[in-house]
Amino acid sequence: MWAATQATLFRCSFHNCYGWRRTLLRVFGAQVHASANVRRTVLIECPWNLTIGADSSIGDRAILYCLGTVTIGERVTVSQGAHLCAGTHDHRLSSMPLVRPPIQIGDDVWIAADAFVGPKVTIGKGALLGARAVAFQDLAPWTIYLGNPASVVRERMHESR
């Protein structure tokens, strides 16, 4: 049912109908704050495993692959084309069973354009994952990461710090 809803009512909604898309996500079990914005071209798998906090924004063509839980904090920006992947396979077994490790994203995080966040990653408060960077390990709070694999560039300064 979600796939049909996403392909029609969600995707074909007017670009600024954020309330409508929040409602559709909630009908399918997502926890989405009333001030969160999700663009119509976002692809979401298993919305019942998704939580989005206050004043957060999910950009065009982002992929939220929520096989495991994906928790997005407050004031988070997930830019266009970013991919959050809470699902993988256990390569140690010949049957390669599906596993669903969670993704946790703290408050005040920015995941820039086309960045990738892998399963079982926690992104600390205020961290920044730069454009096209790839995170397969936890990211420390208030730190800027770039590259593949993501590595520390410098501390992220913030007006309240």
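Residue indices begin at 1 and follow the sequence shown. Bear in mind the structure is a predicted one, so any value in this text is a computation, not a measurement.
- L24 CG to R11 CZ: the interatomic distance, rounded to the nearest 0.5 Å, is 14.0 Å.
- What you find for G87 and P119 is that their closest heavy atoms are O-CG, 3.6 Å.
- Residues V99 and V117 do not share a hydrophobic cluster, defined by chaining ILVMFWY side chains whose heavy atoms lie under 4.5 Å apart.
- Between the side chains of S57 and N37, no donor N or O sits under 3.5 Å from an acceptor N or O.
- A continuous path of ILVMFWY side-chain contacts below 4.5 Å connects V152 to I123, so both sit in one hydrophobic cluster.
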Please evaluate residues V27 and T5 with respect to the criterion side chain to side chain contact (heavy atoms under 4.5 Å, CB included), reporting the C-alpha separation (whole Å), side-chain torsions for both, the decisive distance (0.1 Å), and the verdict. CA-CA 10 Å; V27 165; T5 300; over 6 Å; no
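- Side-chain heavy atoms closer than 4.5 Å link hydrophobic residues (I, L, V, M, F, W, Y) into clusters, and following such links, even through other members, never connects L98 to W48.
- Here the straight-line distance linking atom CD1 of I103 with atom CG of L50 works out to 10.5 Å at 0.5 Å rounding.
- Placement of I63 and V76 in two distinct hydrophobic clusters is found when ILVMFWY residues are connected by side-chain heavy-atom separations under 4.5 Å, directly or transitively.
- In this pair, H83 and F116 present their aromatic rings perpendicular. The plane angle is above 60°, beyond the 30 to 60° band.
- For R40 (side chain) and L9 (main-chain N/O), no donor-acceptor pair under 3.5 Å exists by modelled atom type.
- Of the possible donor and acceptor atoms, none in the side chain of R75 sits under 3.5 Å from a partner among the backbone N and O of D55.
- Under a 3.5 Å cut-off, the side chain of T143 and the backbone N or O of P141 do form a donor-acceptor pair.
- N49 contributes a side-chain N or O that, together with a main-chain N or O of C66, makes up a donor-acceptor pair within less than 3.5 Å.
- Note: L129 CG to D114 CG = 11.0 Å, rounded to the nearest 0.5 Å.
- E74 contributes atom CD, which lies 6.5 Å from atom NE2 of H33 (distance to the nearest 0.5 angstrom).
- Closest approach of M96 to H89, counting heavy atoms only: O-ND1, 3.0 Å.
- D107 places no side-chain N or O within 3.5 Å of a backbone atom of G73 that could act as its donor or acceptor partner.
- One finds the CD atom of Q137 at 11.5 Å from the NZ atom of K120 (value rounded to the nearest 0.5 Å).
- For the atom pair I44 CD1 and L64 CG, the distance stands at 5.0 Å (nearest 0.5 Å).
- Sparse packing is recorded around CZ of R132, with 12 or fewer heavy atoms of other residues, nucleotides or ligands lying under 6.0 Å away.
- Close placement of the F10 and W2 rings is indicated, their centers lying within 6.0 Å of each other.
- In this structure, the side chain of T41 engages the main chain of R61 through a donor-acceptor pair within 3.5 Å.
- When every heavy atom of E155 is checked against every heavy atom of W142, the shortest pair comes out as CG-O, 3.5 Å.
- Of all non-hydrogen atoms in L67 and E45, the two that sit nearest each other are CD2-CG, 4.0 Å.
- Among all heavy-atom pairs drawn from V78 and A62, the shortest one is CG1-CB, 4.3 Å.
- In this structure, W110 shares a hydrophobic cluster with L128, I144, L146, V153, the cluster being traced through Ile, Leu, Val, Met, Phe, Trp and Tyr side chains under 4.5 angstrom apart.
- Under the 4.5 Å side-chain contact rule for hydrophobic residues, W20 and I52 share a cluster.
- For the residue pair V109 and G106, the shortest heavy atom distance occurs at CG2-O, 3.2 Å.
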